[in-house]
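First up is the structure itself, then whatever we jot down about it.
Fair warning: this is a prediction, and the values are worked out from it, not measured in the lab.
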Amino acid sequence: MKSKIYYLILSILLSLTSCNSWLDVTPQGQMEATDMLSSEKGYNSALGGVYYTLSSSSMYGKELSYGMMDLLAQYWDISNNTSHSYYKLSQYDYKDANAISKFNAIWKGFYSAISQCNLIISSIEKNRSSIKYSELIEGEAYGLRAFAHMELFRMFGPVIKSEADLDKPAIAYRTELNTEAQKFESGREILAKVNTDLTKALELMKDDPIKTIGRKGDLNTSRLDYNEVVNRRGSRMNYYGVLGLLARLEQLRLNQDQAYIYAKRVIDEVEETKAITLIDKTNIESTVDSWKDLNYSCEMLFSLYTNNLYEMTNAVFYMDGESGDSRTSFGITTNLYTTFLNEIYGRTPDGAGTDNRLRYWFKLREGGGYYEILKLKKAPEAQGLSAAYDPEVPIMRLPEIYYIACEAQIGKDNDLALSYLNAVRETRNLVKLEGSLSAEELREYLMRDGRKEFIGEGCMFLFYKRLFASIYVKQGVVIAPLDANFVFPIPDAEYEYSPNEK
């Protein structure tokens with residue numbers, strides 16, 4: 001049913017693609033969309049279209065998670081496979097035709113989602129009286145619009161090394177459903193508008209059911225009166241996801257104090273409600289294999305439910321006996337696993353072979369040859385019951401919030417900063433880091449833990465970009481930070497429609 005809804009909204013909103021050259025909305029298409037958005041089901045379907053767009057394989061269903069983004073973070077080794085379709089991307093050759101195609105699809109995908117959000121926002125007020133959960137729907141639309149623009153900025157915007165960089169032109173922030181050309185705005189202006197939208201979303205979702213039913217709860221009591229917006233709030237834009245994005249936003253704005261306030265607020269509020277929790281290392285060790293929450297779904301503040309996730313990941317990583325395609329797959333060879341073992345997870349003095357992320361995420365597949373990455377593999381059913389976890393792509397998890405809190409305190413209260421890092425480490429079955437650590441040591445250990453944590457999630461490359469840090473390949477081998485490597489090229493067609501100072 002969810003897939004049918006997504007295809008319905010996609011067929012109606014197909015032309016609502018992005019800004020400028022891609023935004024080609026026919027009058028007939030506008031009329032059909034307007035007619036559809038006069039009912040509760042219509043708005044649910046419209047939101048479904050946004051999530052469908054974001055979870056496609058060109059977006060978070062692959063490229064922005066375990067695909068292109070993790071390749072750019074140098075998790076996957078295709079250095080000896082020059083015929084691989086991603087090879088030039090792995091060398092940061094952004095002029096390659098395959099790279100350009102991927103960047104164009106990402107740009108188009110985000111602006112398509114933004115157009116769909118604008119359609120919802122522009123029409124909901126006049127239909128509010130006939131829509132159940134209208135504030136949740138509107139809050140999701142504002143949150144998703146902010147998220148899409150912030151992601152565009154993080155990928156296509158400049159590296160922010162100082163306050164002055166925030167004044168460089170970045171992207172266009174689109175809040176109107178039209179085809180008018182729009183000048184690119186500075187990073188400072190873009191992030192201010194992100195803040196406005198997220199603040200609006202937070203207010204609209206102040207009574208989000210996720211606070212009481214948890215991230216996987218369901219308020220529906222009858223399939224006859226089923227409403228998708230109150231089912232599985234963690235797999236949708238929700239109150240905690242917005243709070244977390246506000247913390248991420250303040251980091252981008254170089255405002256560590258405010259980032260800490262939001263991060264601490266998330267930590268305190270979920271500690272009270274238990275709606276989202278850090279994984280329990282004892283529980284994951286004692287539970288039977290098929291019930292281990294190997295993608296740590298209990299920690300997800302905001303994720304995207306992706307129906308065909310495991311079909312895609314099986315082929316990419318040669319799992320479940322899949323042969324895959326050597327030109328498009330990222331097989332974890334024995335050599336690559338050894339690198340993970342010795343130089344990422346087990347690297348001294350902060351790493352150890354006891355790390356549950358190493359112990360439970362990687363397994364030599366039957367027949368050998370490659371290691372499966374189990375956080376991206378379907379969970380088996382146990383005793384005829386449902387699987388331990390669902391096909392979700394995490395957009396933000398609780399450990400990132402602890403990392404934000406840690407980073408914000410480095411150089412101010414290093415002991416407090418270390419306590420936040422240790423809170424994550426302990427749940428991963430690592431001993432606490434002890435002693436009085438310098439700011440430099442703390443930043444290094446924080447970076448190392450991020451590498452262990454974010455594999456398969458597409459986060460680490462943007463972590464490197466924000467800090468303008470060297471990209472780690474293996475011990476003794478790093479890629480020096482370059483603006484050209486960290487800034488995705490904006491599609492050429494956009495420049496004639498969006499004049500800027502570049």
Side-chain angles (χ1 to χ4, degrees), residues 1-14 16 32-56 59-61 112-121 123-124 127-148 201 204-242 275-276 297 300-309 386-387 389-396:
M1 178 60 70
K2 184 176 291 188
S3 296
K4 290 179 180 178
I5 291 173
Y6 288 165
Y7 281 115
L8 172 64
I9 183 63
L10 205 64
S11 66
I12 294 174
L13 300 178
L14 190 60
L16 305 183
E32 289 174 347
T34 301
D35 288 345
M36 187 188 72
L37 291 183
S38 60
S39 69
E40 180 180 308
K41 288 184 178 180
Y43 279 95
N44 280 333
S45 295
L47 274 177
V50 180
Y51 292 116
Y52 183 90
T53 297
L54 293 175
S55 62
S56 68
M59 302 291 281
Y60 293 96
S112 174
I114 289 166
S115 294
Q116 294 170 48
C117 289
N118 286 339
L119 179 63
I120 294 168
I121 292 168
S123 64
I124 197 166
N127 296 310
R128 191 178 301 279
S129 61
S130 61
I131 305 169
K132 196 174 182 181
Y133 305 115
S134 65
E135 290 195 342
L136 276 182
I137 291 171
E138 187 178 11
E140 286 189 38
Y142 273 106
L144 289 166
R145 184 171 77 178
F147 166 72
L204 286 164
M205 291 194 282
K206 62 182 182 296
D207 297 321
D208 193 328
I210 195 172
K211 295 180 180 181
T212 55
I213 64 174
R215 67 175 311 275
K216 290 188 176 183
D218 184 359
L219 282 186
N220 291 291
T221 58
S222 169
R223 284 286 167 182
L224 297 177
D225 188 31
Y226 177 80
N227 196 306
E228 191 172 341
V229 79
V230 291
N231 187 11
R232 297 186 55 87
R233 293 294 303 157
S235 297
R236 307 175 68 89
M237 183 62 71
N238 63 76
Y239 173 83
Y240 294 121
V242 171
I276 298 163
S297 63
M300 296 180 190
L301 298 178
F302 166 36
S303 70
L304 294 171
Y305 191 98
T306 307
N307 285 328
N308 63 337
L309 177 64
S386 60
Y389 51 88
D390 300 295
E392 295 178 85
V393 175
I395 302 300
M396 174 171 273

Among Ser134, Ser130, Ser123, which one satisfies side-chain hydrogen bond (donor to acceptor under 3.5 Å, both in side chains) with Tyr43?
-> Ser123
Consider only side-chain N and O atoms of Tyr51 and Glu140, and report whether a donor and an acceptor are under 3.5 Å apart.
->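 A pair is found: one side chain offers a donor N or O, the other an acceptor, under 3.5 Å apart.
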Which atom names give the shortest non-hydrogen contact between [X] and [Y], and what distance separates them?
{"X": "Ala275", "Y": "Ile210", "result": "CB-O, 3.2 Å"}
{"X": "Met205", "Y": "Tyr239", "result": "O-CD1, 3.5 Å"}
{"X": "Ile114", "Y": "Ala148", "result": "CG1-CB, 3.6 Å"}
{"X": "Leu47", "Y": "Ala141", "result": "CD2-N, 4.3 Å"}
{"X": "Gly49", "Y": "Gln116", "result": "C-OE1, 3.0 Å"}
{"X": "Phe302", "Y": "Gly241", "result": "CB-CA, 4.1 Å"}

Sub-4.5 Å side-chain heavy-atom contact between [X] and [Y]:
{"X": "Val393", "Y": "Ser55", "result": "no"}
{"X": "Asp225", "Y": "Lys132", "result": "yes"}
{"X": "Leu54", "Y": "Leu144", "result": "yes"}

Please name all residues satisfying side-chain hydrogen bond (donor to acceptor under 3.5 Å, both in side chains) with Asp208, sequence neighbours left out, ordered by chain then number.
->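 By the side-chain hydrogen bond (donor to acceptor under 3.5 Å, both in side chains) rule, Asp208 matches Arg233.
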Residues that Tyr142 engages under ring-ring contact (aromatic ring centres under 6.0 Å, His included), provided they are two or more places apart =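 Here no residue qualifies.
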Looking at Met396, Arg232, Arg215, Arg236, which hits side chain to side chain contact (heavy atoms under 4.5 Å, CB included) with Ser303?
->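 So the option named by the test is Arg215.
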